[in-house]
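Taking it in order: structure first as structure tokens, then the write-up.
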Amino acid sequence: MNSSASPPTTFNGKLALLLAMAMFVLVVDTSIMNVSISAVVEDIDTTVSGLQGAIALEALVSAAFILMSSKVGDLIGRKRAYVIGLLCYAVGAIAMTLAQTLVPIIIFWALIGGLGASLLLPAMQSLIHGNFEGAAQARVYATVGAAAAIAAAVGPLIGGFITTFLSWRVAFLLEALIIAVVLSGIRLVHDVPYTGSRQIDAVGALLSVVGMGGIVIGILVWQEGGGPVGILLAVGAVGLGGLAYWLVRRSGQRKATLIDPGLFRSEIFRLGVTGQMLQQIALGGTMIVLPIYLQMVLDYNALQAGLSISPLSLSMFAVAMLAGKRAGRRRPATLILWGFLLLTVGLVVLVPLVPRADSGWWLLGPLIISGVGLGLLVSQLNNCTLSPISDERVSEAAGVNSAAGSFGLSFGLAFAGAIMLASLSLIFTNLTVSSDVIPSDEKQQVAEALEDDAQFLSNAALEELLVGQPEEIQEEIIRINTDARPIALQIALFVPIIAGVVGLLNGFRMRRLPDPVANRAGEGTLLG
């Protein structure tokens, strides 16, 4: 697998395109899954909450293992890590084309695919550094970043179109074919040797997995309505606290650490990593609740859901490209502040519109506002975060930044989904108990049935479950279902809204700091 470490002297356009294709698949994967939720649930006879859990688990595994995988890539070779990451992603995509139950989706798409992403992201960063120089390197970073933005923009549309007119399985099969094309050009990649310490911080790696994993798994268990939620959350919190203590202690003893705690001495880096995590919490929370709302409440198919969400992703892409090229004399911190402000304003405007919306057109304005905010963030936040980091440490810093973003995404997906389901369950029960139509001796049974069997069912699907019930009971249960779901969505939207508000406060702190010196090394991580 090893080859010459010397980068080519001329720009290799084919290699740049293949790297961009790899990034495209990485980003488009979750978008396709989000807009295909209802189709997947129906085809494999599973639950919305179960599929939500798989989506959040995939992001969690990527976040929990990315720091460890970055070190693994150093030890086994960045090119080999890149290939293994792509193969893991291909396994996940192929499993999606064949899956008949939720179990293979969890094992192959979420777990193995998540591990693939954790290997792929840091390896790609190092390979770009090692295969291109100067202006060519900056050009490849721009190309790969553009591929990520395009994938985020068109992912819902591609997924919705293929799911509606062909099958969601075809979309994942196409992913596997793209990966095959990328791997066919692997001989063009020159490996990048690692010259640093080869010691392994096993304890730090374990604490990072336990910390991030405990928190998100705790939320997923809570979402499913059982298990030792408090214990899992406590284990996660202790794991993260233990990781911080361990890294500082090991660094003081001049021993190998999973990541260098000295990175966090830079305040702009600390605030940037925090902003990255908050941005991804907001994005993850928004992108899990809106597709569910559109498909289960408005009874949209995958294409209609993708079209309705596209103003968010398309405006994000357009503004990211425009702001990245024409920021001019505007301070990056100012653009980041405006990004969080517009993101939050757009989400806040959504809240009163949800109960009134009878089509996706109602969401157009707020989604464009939030998309503009996200576009400002992705155009500035990563490069601003990595600017104060020296070239020899940028790969490690980029791994930390990517881990924060992946953890934020998985947390947003899991927590917003859990809040939505928990709220729906509580509202179902309250509305059923207060009903004057449902007989008193049947209220508890109806409430439990709605909680267990009717989570996010469209009214048309719910009517099929109620065949044989008296007409007045059917109408009352449909009314309860209709009234409960928008309220649950409104409550869930406060997860990304709170993340946006905290990001806004974080942005004010960034503005008080002097602008960092620009460093091209950060330009390749457009979407974290």
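- In this structure the side chain of Leu377 reaches within 4.5 angstrom of the side chain of Ile336, judged on heavy atoms.
- Looking only at side-chain heavy atoms (C-beta outward), Leu119 and Leu86 stay at 4.5 Å or farther from each other.
- Taken to the nearest 0.5 Å, the CG atom of Leu489 stands 11.0 Å off from the CZ atom of Phe494.
- Residue pairs meeting the side chain to side chain donor-acceptor pair (under 3.5 Å) criterion with at least one member in residues 91-110, sequence neighbours excluded, are Asp29-Trp109.
- Shortest non-hydrogen contact noted between Ser315 and Pro311 is OG-O, 2.5 Å.
- Residues Ile32 and Glu175 form a side-chain contact, since some pair of their non-hydrogen atoms from C-beta on lies under 4.5 Å apart.
- Scanning for ring pair (Phe, Tyr, Trp, His ring centres under 6.0 Å) contacts around Phe165 gives Phe161, with sequence neighbours left out.
- When all heavy atoms of Met124 and Ala22 are compared, the pair lying nearest together is CE-CB, 3.8 Å.
- Listed here is the closest heavy atom pair of Ala499 and Ala282: CB-N, 4.1 Å.
- For the pair Leu493/Gln490, no side-chain contact is recorded, criterion being any heavy-atom separation below 4.5 Å from C-beta on.
- Considering only residues two or more places apart in sequence or on other chains, Ser62 meets the side-chain contact (heavy atoms from CB on, under 4.5 Å) condition with Ala117, Ser406.
- The distance from the CD1 atom of Ile369 to the CG atom of Leu312 is 11.5 Å, given to the nearest 0.5 Å.
- The side-chain heavy atoms of Leu350 and Leu367, taken from C-beta on, include a pair separated by under 4.5 Å.
- In this structure, Gly285 and Pro496 approach most closely via the heavy-atom pair C-CG, 4.3 Å.
- Side-chain contact between Leu294 and Leu363 is present, with at least one heavy-atom pair separated by less than 4.5 Å.
- Within the model, atoms CG of Leu15 and CD1 of Ile186 stand 8.5 Å from one another, a figure rounded to the nearest 0.5 Å.
- Side-chain contact between Ile158 and Leu174 is absent, with no heavy-atom pair separated by less than 4.5 Å.
- Minimum heavy-atom separation, Ala492 to Met420: CB-CB, 3.7 Å.
- Sorted by first and then second residue, the side chain to side chain donor-acceptor pair (under 3.5 Å) pairs involving residues 110-122 (not counting sequence neighbours) are Ser69-Ser118.
- For Phe411, the ring pair (Phe, Tyr, Trp, His ring centres under 6.0 Å) partners are Phe415, not counting sequence neighbours.
- Considering only heavy atoms from C-beta on, Ile309 stays 4.5 Å or farther from Thr286 through its side chain.
- Residues Gly275 and Phe340 come closest through the heavy atom pair O-CZ, 3.5 Å.
- Under the side-chain hydrogen bond (donor to acceptor under 3.5 Å, both in side chains) criterion, Tyr82 pairs with no residue at all, not counting sequence neighbours.
- In this structure, CD1 in Ile55 is found 9.5 Å from CD1 in Ile105, a value given to the nearest 0.5 Å.
- In this structure, Leu343 CG and Ile497 CD1 are separated by 9.5 Å, a value rounded to the nearest 0.5 Å.
- Atom CG of Leu177 is separated from atom CG of Leu173 by 5.0 Å, given to the nearest 0.5 angstrom.
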